[in-house]
Peer 1: 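Here it is: the structure, laid out below.
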Number of protein chains: 2
Amino acid sequence: MHSTAEENYIKAIYKLSGGGAHGVSTNALADALDTKPASVSDMLRKLSAKDLVHYVKYRGVQLTDDGRRVALRIIRKHRLWEVFLVQKLNFAWDEVHEVAEQMEHVKSELLVNRLDTFLNHPRVDPHGDPIPTENGEIPQVEQKALSALEVEQTGIVCRVKDSQPAFLQYLNRVGIQIGSHLQVLDKIAYDNSLEININRNKTVILSSDVLSKIFVIKP
Amino acid sequence: MHSTAEENYIKAIYKLSGGGAHGVSTNALADALDTKPASVSDMLRKLSAKDLVHYVKYRGVQLTDDGRRVALRIIRKHRLWEVFLVQKLNFAWDEVHEVAEQMEHVKSELLVNRLDTFLNHPRVDPHGDPIPTENGEIPQVEQKALSALEVEQTGIVCRVKDSQPAFLQYLNRVGIQIGSHLQVLDKIAYDNSLEININRNKTVILSSDVLSKIFVIKP
DNA sequence: ATAAAAGTTTAGGTTTGTCTAAATTTTGTT
DNA sequence: AACAAAATTTAGACAAACCTAAACTTTTAT
Ligand SMILES: [Mn+2]
Ligand SMILES: [Mn+2]
Ligand SMILES: [Mn+2]
Ligand SMILES: [Mn+2]
């Protein structure tokens, strides 16, 4: 079917385009995939020939309907394996991404669907990212970046939008996990950082960079 | 570490050499890996440079200690995943091999060991093949090919040495599985086939080809 | 409106793993 | 021992996926 390299490009295009919303630049892809722009150009020509992307030279790239279907299937597998690793094999949430990057490329319809059943059709992965259904639908939950909360407001952590171990380990250190109860105590105007109380207990100050990666729902 | 192609060569050398007992020929490898002898020669030069095999041109190849360690780790992963697929995801024994061929190449020490624990340290895979331990030991069980049984003798099926779906589906059809009780009723001298009674119930005639792939223990 | 800067593509290579065809070595047979 | 057959290796190519350097477009700033 598709090579691992092709699948990784498609997944990257999907993510960088915000689920297909806008076009993606060659440099952005090179950056995300840790390759050179020249290699990206090569691959885009190939993906275009396979009708997985709409590609106009110098003007960026977008997924076709076919491409989007492929992307969602890979993301589904990635996130289901992450759930498996955490729930069944007791991995920590900062240990799963790299392994799932490999498992997502295993080809077997039967496998994905049996895994989904085995895990009881989970809606989200260990980082709170939604798991696409077999039909390529993504269940949406109303959520808000922590950076958008006002002083006094509260929220429950439902998602963190960065799966790099360094970031997740930082959250471990601070004491934030999915389900944590947060309250904004104060806003520091100087750099838009917030003073946050965690689980009505510890209080920390989070930078605007970190705040923009944490998502909450109404308590 | 090692590429998927390299791992597949090493595994094939291990299997064809009977666990390292004897040397393996270029043609035998080409056959097993479904490639051409010329490609095998190329790869053997590479594996030799990496000290994974002892290779003497025109005289065949053997695994080094390093090579054997690599082989056993891949086989361990392959068989553990097969157990997972059957026991946890309800795969049939003829559906697992192809998927395990892919999963065996996922690289993560943590993953293999957690999987082993999750499955309760199984000794054998769904075909009765022993699972190498973390230290590269292979638990041996005394077993005998069905073709070696005399008339009147009985045995319990403990292993089938062919994982191709066609063969396993044939056994399903005949009604033989791991644990089946077999008794030899008669030997047909003409072609060395045996008349076999299964679970004190159905009786079938098995060709010597099939008999040599089924292994039994004393009841 | 133009020129510099930034972004992107093309040209020409490299590595891995494969292939076919030709050359070489080993084995088996008279 | 000599030669034919079989097994194996080498030579020369190719596709995938990557690279660097050079050329080309687009954007931005004067
Ligand atoms: Mn991930
Ligand atoms: Mn995730
Ligand atoms: Mn198998
Ligand atoms: Mn097996």
Side-chain angles (χ1 to χ4, degrees), chain A residues 1-17 22-63 66-67 70-71 74 101-102 104-107, chain B residues 1-17 22-63 66-67 70-71 74 101-102 104-107:
Chain A
M1 202 66 261
H2 305 113
S3 71
T4 296
E6 286 172 339
E7 291 188 346
N8 284 335
Y9 272 88
I10 293 189
K11 194 170 48 134
I13 295 168
Y14 181 88
K15 293 197 166 174
L16 290 173
S17 70
H22 42 268
V24 177
S25 76
T26 300
N27 272 359
L29 277 168
D31 209 60
L33 291 164
D34 203 25
T35 60
K36 302 294 165 182
S39 309
V40 174
S41 286
D42 276 357
M43 183 59 98
L44 292 183
R45 217 177 348 85
K46 264 189 291 190
L47 293 177
S48 186
K50 292 193 176 189
D51 274 319
L52 292 164
V53 301
H54 293 302
Y55 172 47
V56 182
K57 281 201 297 196
Y58 292 104
R59 315 249 58 148
V61 71
Q62 276 187 263
L63 291 178
D66 262 24
V70 172
I74 304 166
E101 284 290 309
Q102 300 180 63
E104 73 189 4
H105 301 291
V106 172
K107 268 122 192 137
Chain B
M1 199 70 261
H2 306 113
S3 71
T4 296
E6 285 171 340
E7 292 188 345
N8 284 334
Y9 273 89
I10 293 191
K11 194 171 48 133
I13 295 168
Y14 181 88
K15 294 199 164 172
L16 291 173
S17 71
H22 42 267
V24 176
S25 77
T26 300
N27 271 359
L29 276 169
D31 209 59
L33 290 164
D34 204 25
T35 57
K36 302 294 165 182
S39 309
V40 174
S41 287
D42 278 355
M43 182 59 96
L44 292 183
R45 216 177 351 82
K46 264 189 290 191
L47 293 177
S48 186
K50 291 193 176 188
D51 274 319
L52 292 164
V53 301
H54 293 301
Y55 171 48
V56 182
K57 280 200 299 195
Y58 293 103
R59 315 249 58 149
V61 70
Q62 276 187 264
L63 291 178
D66 262 23
V70 172
I74 304 165
E101 284 291 308
Q102 300 178 65
E104 73 189 4
H105 301 292
V106 172
K107 268 122 192 137

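Per chain, numbering begins at 1; letters A, B, ... match sequence-line order.
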Peer 1: Tell me whether B:His105 contacts the main-chain N or O of B:Ser3 through its side chain, where contact means a donor paired with an acceptor under 3.5 Å.
Peer 2: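 The answer is no, because no donor-acceptor pair under 3.5 Å joins these two groups.
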
Peer 1: When the nearest nucleotide of DNA chain D is assigned to A:Ala5 and to B:Val56 on a heavy-atom basis, which residue is associated with the more 5' position?
Peer 2: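 The 5'-side residue here is B:Val56.
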
Peer 1: Please determine whether side-chain contact (heavy atoms from CB on, under 4.5 Å) holds for the pair B:Thr26 and B:Val40, giving the CA-CA distance in whole Å, both sets of side-chain angles, and the decisive distance to 0.1 Å.
Peer 2: CA-CA 6 Å; B:Thr26 300; B:Val40 174; 3.8 Å; yes

Peer 1: In terms of side-chain heavy atoms of A:Ala38, which of D:dC18, D:dA21, D:dA17 is nearest?
Peer 2: D:dA21

Peer 1: Output the distance between atom NZ (A:Lys36) and atom CG (A:Asn27), rounded to the nearest 0.5 Å.
Peer 2: 11.0 Å

Peer 1: With a 4.0 angstrom cut-off to heavy atoms of chain A, pull out the first and last contacting nucleotide of DNA chain C, in 5'-to-3' order.
Peer 2: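 Nucleotide range in contact with chain A: C:dG7 to C:dT10.
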
Peer 1: It should be established whether B:Lys57 places a side-chain nitrogen or oxygen under 4.0 Å from OP1 or OP2 of nucleotide D:dT10.
Peer 2: yes

Peer 1: How long is the line joining CG of B:Asp42 and P of D:dA15, in whole Å?
Peer 2: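 Those two atoms, CG and P, are 17 Å apart.
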
Peer 1: Can you see if the side chain of B:Ser25 gets near the phosphate of D:dA7 - specifically, an N or O under 4.0 Å from OP1 or OP2?
Peer 2: no

Peer 1: Using whole Å, what does the distance between atom C1' of nucleotide D:dA15 and atom NZ of A:Lys50 come to?
Peer 2: 12 Å

Peer 1: Return the 5'-most residue of the pair A:Ser3, B:Ser41 with respect to DNA chain D, ranking by each residue's nearest nucleotide.
Peer 2: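 Counting from the 5' end, the first nearest nucleotide belongs to B:Ser41.
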
Peer 1: Would you say the side chain of B:Leu33 lies within less than 4.5 Å of the side chain of B:Met43, judging by non-hydrogen atoms?
Peer 2: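 The answer is no; the side chains never approach within 4.5 Å.
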
Peer 1: Could you state the CG-C1' distance from B:Asp31 to D:dA7, rounded to the nearest angstrom?
Peer 2: 13 Å

Peer 1: What does B:Ser39 touch in the nucleic acid at a heavy-atom separation under 4.0 angstrom: a base, only the sugar-phosphate, or nothing?
Peer 2: base

Peer 1: Check whether any side-chain heavy atom of A:Val24 sits under 4.5 Å from a side-chain heavy atom of A:Ile13, and report yes or no.
Peer 2: yes

Peer 1: Without decimals, in angstroms, what is the distance between B:Leu44 CG and D:dA7 P?
Peer 2: 17 Å

Peer 1: Would you please test B:Glu104 and B:Lys11 for side-chain contact (heavy atoms from CB on, under 4.5 Å) and show each step?
Peer 2: CA-CA 11 Å; B:Glu104 73 189 4; B:Lys11 194 171 48 133; 2.8 Å; yes

Peer 1: Please give, in whole Å, the distance from D:dG12 C1' to B:Lys36 NZ?
Peer 2: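 That distance rounds to 18 Å.
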
Peer 1: Identify the two heavy atoms, one from B:Val53 and one from B:Val61, that lie closest to each other, and give their separation to 0.1 Å.
Peer 2: CB-CG2, 3.5 Å

Peer 1: Measure from OH on A:Tyr58 to P on D:dC24 and round the result to the nearest Å.
Peer 2: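 Result: 9 Å.
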
Peer 1: Nearest whole Å is fine: how far is D:dT25 P from A:Asn27 CG?
Peer 2: 18 Å

Peer 1: Expressed in angstrom and rounded to an integer, what is the separation of A:Arg45 atom CZ from D:dC18 atom P?
Peer 2: 13 Å

